[in-house]
K.L.:
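I am attaching a structure below and will ask some questions about it afterwards.
Every chain is numbered from 1 and lettered A, B, ... according to where its sequence line falls, protein lines coming before strand lines. In what follows, every heavy atom counts, from backbone to side chain, and hydrogens, waters and symmetry copies are set aside.
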Amino acid sequence: MDETKDQYELRKKKIAQLEEKGIESYPASFGPHITVREAAAKEEGVTVRIAGRLMSKRLMGKASFSHIKDYSGRLQVYVRRDNVGEEAFAAFKEMDIGDFMGVEGEIFITKTGEKTVLVKSYVFLAKSLRPLPEKWHGLKDTETRYRKRYLDILVNPQSSDILKARSIVINEMRNRLLQKDFVEVETPILQDIPGGASARPFKTFHNTFGRDLYLRIAPELYLKRLLVGGWDRVFEIGRNFRNEGISTRHNPEFTMLEVYCAYTDYRYMMELSREIIISVQEKLEAGGFKIPIDFSDGWEEKDLWALLTEYTGTGFSPTDSFEDIKKKADKLDVPPGKDSPDKVIDRIFSKYVEENLVKPTFVTGYLSEHSPLAKRSARDGNISERFEIFICGQEVGNAYSEQNDPAVQKAMFESQLAGQGADASEVDTDYIEALEYGMPPASGLGIGIDRIVMLMTGAESIREVILFPMLKPVQKDY
RNA sequence: GGGCCAGUAGCUCAGGCGGUAGAGCAACGCCCUUUUAAGGCGUGGGUCGAAGGUUCGAUUCCUUCCUGGCUCACCA
């Protein structure tokens, strides 16, 4: 039989059959109803109206048990010929798994103790033309899970949970900051001078202005302009774009929280970051998530150079010359390459130290020449007032006392530019001018939200915590 | 970009050291009014990732390519 060849064709024909019977295959709405979760909480005998997707169907001649799923959960429904009538029951038998329906009926409890809706009437709400992934194994193919995320979150509860955790994380961060009197702002994503970090930007073009623009690599310089304007406590949660490698920890667009607080220095940000992360953990745990790490322990401050010395067994000091560092890198089997000293240090750090920083740790002691936007330490001009947060061997945050001296800032920009060569953009003179009007002393913090969600959910890949991660574009005939 | 692994039915997976493939779920038909991975009997469904090569013959062997995953390099 040709008709049975293709499930898709068959289901399309069912739409025509519905229309013949005068049943709309894609009606506009269902009307008042409650969620599946709410319905499941009702007592026996209560009449409920619910709507959702048909996820299973166990048909026994003249009756059928099925499960209906909406965003709040699943509930069993029991459709009996004697309750809905012969015609409606025949139509129900024609429904496919994946179709949407709305039902009205009475709550009862089955022999096996499952709360169920004894359906009195139902309406067809939308047709599904393609068969859903397998009910037991779900959808496993990684590529398909990312490309067709709607199927992944539909049939794989663990995927859905991780991505919902993300929403809780962001909300909790936002709420905490709002409670503390921070103002949430949105600054430009399209920028003509991409600044605030060192990374290669994405380039785009504005037709009316006839000029190149860049997708931001960080919002930092705009947020600090707000400090100049007297907005003393600001934060932004938003997307940054960096035109660099993709890995299990890097997506070209990722979400950052950046916070700035006037009249405080980087020590304030230690407290704030700790508070934010712990409250996020508590919020998730309250929502039933099991967090694999205890974030309440740790939060010790450790010196970069002491850590390097401890874990490599080689003495490191901030006063080491580039030659010294290269020699030590060589001994430690780290290719020094042609990079600047901070990159070599970073590489040694990644290889020997990072994995040991399991408990939340504030790493301090970063060289000021490689932290152009940070203030120098009053005690040691070589060192910046800066820390990075490491948890579970991953860098999740970066903070410093903000450089607000326009002359020093300008000099830092210029020397940084000189060191970059071909890749360099230009000095953001507009930003320097803003500083010249005066910026209060302030501290700033950036937290990578994707990575926090990874830590909180135990996700192995950043792609598990981003709904639609960047994949190579393909032309595929589905 | 380098290395390793993978791609077989809508989904989850077997298999084949060369003779064009199987299971479960899903689908189709019949039976079944408390099932829950419902059950029973029966049926259909595949350019075995793509293209070349070797061969009488390739899904299987070889080469190249595509896609993905992990990993290294670079970055957050």
Side-chain angles (χ1 to χ4, degrees), chain A residues 1-11 13-14 55-67 74-84 89 93-94 96-98 108-114 116 118 128-148 151-152 155-156 196-200 217-218 240-256 334-335 337 339 343 346-347 350-351 354 388-390 394-398 446-452 454 460-463 469 471-478:
Chain A
M1 276 186 47
D2 280 2
E3 286 177 26
T4 60
K5 255 185 181 172
D6 193 339
Q7 295 186 45
Y8 180 81
E9 291 303 323
L10 198 85
R11 288 178 177 211
K13 283 187 180 136
K14 286 186 181 174
M55 296 304 286
S56 67
K57 205 168 132 188
R58 294 177 291 280
L59 190 65
M60 296 163 294
K62 298 178 187 65
S64 172
F65 282 97
S66 300
H67 276 92
R74 298 176 178 238
L75 189 61
Q76 182 164 260
V77 297
Y78 184 42
V79 182
R80 257 167 49 133
R81 193 191 63 178
D82 291 354
N83 291 73
V84 298
F89 189 74
K93 284 203 280 188
E94 290 301 309
D96 291 301
I97 289 172
F108 78 108
I109 293 174
T110 62
K111 260 188 200 168
T112 51
E114 182 168 348
T116 302
L118 178 58
S128 164
L129 291 174
R130 297 176 187 267
L132 259 31
E134 212 243 5
K135 64 181 174 188
W136 188 242
H137 297 92
L139 179 64
K140 286 204 172 147
D141 183 79
T142 317
E143 184 182 358
T144 313
R145 287 208 300 114
Y146 296 154
R147 288 197 194 277
K148 302 190 188 181
L151 293 180
D152 185 34
V155 302
N156 296 331
S198 82
R200 286 154 69 193
I217 55 177
N240 289 348
F241 306 84
R242 298 190 184 175
N243 206 340
E244 284 164 1
I246 297 180
S247 77
T248 45
R249 277 175 227 164
H250 301 87
N251 196 61
E253 49 182 306
F254 62 103
T255 303
M256 282 277 285
V334 173
D339 292 314
K343 291 201 172 162
D346 196 57
R347 223 172 289 154
S350 306
K351 185 166 174 181
E354 226 167 62
E388 293 199 350
I389 307 168
F390 285 85
Q394 269 202 71
E395 188 203 328
V396 298
N398 182 17
I447 289 182
I449 286 179
D450 311 275
R451 289 189 178 173
I452 291 291
M454 286 173 73
E460 299 273 320
S461 168
I462 199 169
R463 291 177 166 182
L471 300 173
K472 206 180 268 195
V474 285
Q475 291 295 327
K476 214 172 171 182
D477 191 28
Y478 291 118

K.L.:
Expressed in angstrom and rounded to an integer, what is the separation of Ile246(A) atom CD1 from U71(B) atom P?
P.N.:
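After rounding, the reported distance stands at 15 Å.
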K.L.:
I'd like the P distance from A76(B) over to G52(B), given in whole Å.
P.N.:
46 Å
K.L.:
With a non-hydrogen cut-off below 4.0 angstrom, is Lys14(A) in contact with a base, only sugar-phosphate, or nothing?
P.N.:
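Sugar-phosphate only.
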K.L.:
Can you tell me the Watson-Crick or wobble partner of G29(B), both distances under 3.5 angstrom?
P.N.:
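G29(B) is paired, partner C41(B).
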K.L.:
Rounded to whole Å, how long is the line connecting atom NZ of Lys62(A) with atom P of C31(B)?
P.N.:
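It is 8 Å, rounded to the nearest whole Å.
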K.L.:
Using a heavy-atom cut-off of under 4.0 Å over every strand shown, decide if Gln76(A) touches base, sugar-phosphate, or nothing.
P.N.:
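Contact class for Gln76(A): base.
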K.L.:
Assign a letter to each nucleotide of nucleotides 6-12 of chain B from its 5' end: B, base within under 4.0 Å of a protein heavy atom; S, sugar-phosphate only; -, no contact.
P.N.:
----SBS
K.L.:
Please state the C1' separation for the pair G24(B) and U20(B) - nearest whole angstrom.
P.N.:
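Straight-line distance between the two C1' atoms is 24 Å.
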K.L.:
Could you work out the separation of C62(B) and G68(B) based on their C1' atoms and round it to a whole Å?
P.N.:
23 Å
K.L.:
Return the nucleotide paired to U47(B): Watson-Crick means purine N1 to pyrimidine N3 with N6-O4 or O6-N4, wobble means G-U with N1-O2 and O6-N3, both under 3.5 Å.
P.N.:
none
K.L.:
Expressed as a whole number of angstroms, how long is the span from Asn240(A):CG to A76(B):P?
P.N.:
12 Å
K.L.:
Check the angle between the aromatic planes of Phe108(A) and Tyr78(A) and answer parallel, tilted or perpendicular using the 30° and 60° thresholds.
P.N.:
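The arrangement is tilted - the two ring planes meet at 30° to 60°.
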K.L.:
Look at all strands and tell whether Asn251(A) reaches a base, only sugar-phosphate, or nothing, counting heavy atoms closer than 4.0 Å.
P.N.:
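It contacts base atoms.
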K.L.:
Would you mind classifying the nucleic acid contact of Tyr8(A) as base, sugar-phosphate or nothing, using non-hydrogen atoms under 4.0 angstrom?
P.N.:
nothing
K.L.:
Using whole Å, what does the distance between atom C1' of nucleotide C75(B) and atom CD of Glu388(A) come to?
P.N.:
12 Å
K.L.:
Taking U8(B) as the reference, what is the distance to A50(B) when you measure between their P atoms (whole Å, please)?
P.N.:
10 Å
K.L.:
I'd like the C1' distance from A26(B) over to A37(B), given in whole Å.
P.N.:
12 Å
K.L.:
Measure CG/Asn398(A) against P/C75(B) and give the value in whole Å, please.
P.N.:
15 Å
K.L.:
Looking at C28(B), A76(B), U34(B), which one has an atom nearest to any side-chain atom of Arg242(A)?
P.N.:
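The answer is A76(B).
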K.L.:
Taking the side chain from Arg80(A) and the backbone from Leu118(A), do they hold a donor-acceptor pair closer than 3.5 Å?
P.N.:
no
K.L.:
Roughly, in whole Å, what's the span from CZ in Arg58(A) to C1' in G40(B)?
P.N.:
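To the nearest whole Å, that distance equals 17 Å.
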K.L.:
Under a 3.5 Å limit for both distances, which nucleotide forms a Watson-Crick or G-U wobble pair with C11(B), could you say?
P.N.:
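The base-pairing partner of C11(B), which may sit in any strand shown, is G24(B).
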K.L.:
With the side chain of Arg147(A) defined as its heavy atoms from C-beta on, choose the nearest nucleotide among G68(B), U33(B), U34(B).
P.N.:
G68(B)
K.L.:
Mind checking the C1' distance from G45(B) to C25(B)? Whole angstroms is fine.
P.N.:
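Comparing C1' positions in G45(B) and C25(B) gives a spacing of 14 Å.
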K.L.:
Go through the structure and list residues passing side-chain contact (heavy atoms from CB on, under 4.5 Å) with Lys93(A), not counting sequence neighbours.
P.N.:
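Scan of Lys93(A) (side-chain contact (heavy atoms from CB on, under 4.5 Å), adjacent residues dropped) gives Leu59(A), Phe89(A).
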K.L.:
Determine: side-chain N/O of Thr248(A) to OP1/OP2 of U71(B), distance under 4.0 Å, yes or no.
P.N.:
yes
K.L.:
From the list U33(B), U34(B), C75(B), which nucleotide is the closest neighbour of the side chain of Ala63(A)?
P.N.:
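The answer is U33(B), which lies nearest to the side chain.
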K.L.:
Can you measure Leu471(A) atom CG to C70(B) atom C1' for me and round it to whole angstrom units?
P.N.:
15 Å
K.L.:
Is the shortest side-chain N/O distance from Arg451(A) to OP1 or OP2 of A76(B) below 4.0 Å?
P.N.:
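It does not, given that no N or O in the side chain of Arg451(A) lies less than 4.0 Å from OP1 or OP2 of A76(B).
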K.L.:
Please answer whether the main-chain N or O of Thr255(A) pairs with a side-chain N or O of Asp450(A) as donor and acceptor at a distance below 3.5 Å.
P.N.:
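Checked: pair present.
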K.L.:
For Asn83(A) and His250(A), take the nucleotide of RNA chain B holding the closest heavy atom to each; which residue's nucleotide lies nearer the 5' end?
P.N.:
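Whichever sits nearer the 5' end wins; that is Asn83(A).
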K.L.:
Strictly by Watson-Crick or wobble contacts shorter than 3.5 Å, is anything paired with G52(B), and which nucleotide is it?
P.N.:
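G52(B) is paired with C62(B).
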K.L.:
Using Watson-Crick or G-U wobble geometry with both distances below 3.5 Å, tell me the partner of C4(B), or none.
P.N.:
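Here C4(B) is engaged in a pair, and the nucleotide opposite it is G69(B).
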K.L.:
Measure the spacing between NE2 of His67(A) and CZ of Arg58(A) and express it to the nearest 0.5 Å.
P.N.:
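Going from NE2 on His67(A) over to CZ on Arg58(A), the span is 5.5 Å.
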K.L.:
Would you say a side-chain N or O of Lys343(A) is under 4.0 Å from OP1 or OP2 of C74(B)?
P.N.:
no
K.L.:
Would you mind telling me which of A76(B), U34(B), U71(B) lies closest to the side-chain atoms of Met60(A)?
P.N.:
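Selected nucleotide (nearest to the side chain): U34(B).
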K.L.:
Atom NZ of Lys93(A) to atom P of C31(B): distance rounded to whole Å?
P.N.:
8 Å
K.L.:
5'-most contact on RNA chain B: Leu59(A) or Ile97(A), nearest heavy atom basis?
P.N.:
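Taking each residue's closest nucleotide, the earlier one in sequence belongs to Ile97(A).
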K.L.:
Considering only atom C1', compute the distance from G49(B) to A9(B) and round it to an integer number of Å.
P.N.:
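Going atom to atom, C1' in each nucleotide, I get 15 Å.
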K.L.:
Of all the nucleotides listed (A26(B), U33(B), U34(B)), which has the minimum atom distance to the side chain of Thr110(A)?
P.N.:
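The answer is U34(B), which lies nearest to the side chain.
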K.L.:
I'd like the P distance from G22(B) over to G44(B), given in whole Å.
P.N.:
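That atom pair is separated by 12 Å.
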K.L.:
Which heavy atom of Asp96(A) sits nearest a heavy atom of Lys14(A), and at what distance?
P.N.:
OD1-NZ, 2.9 Å
K.L.:
Could you check which of A27(B), A76(B), U35(B) has an atom nearest any side-chain atom of Phe65(A)?
P.N.:
U35(B)
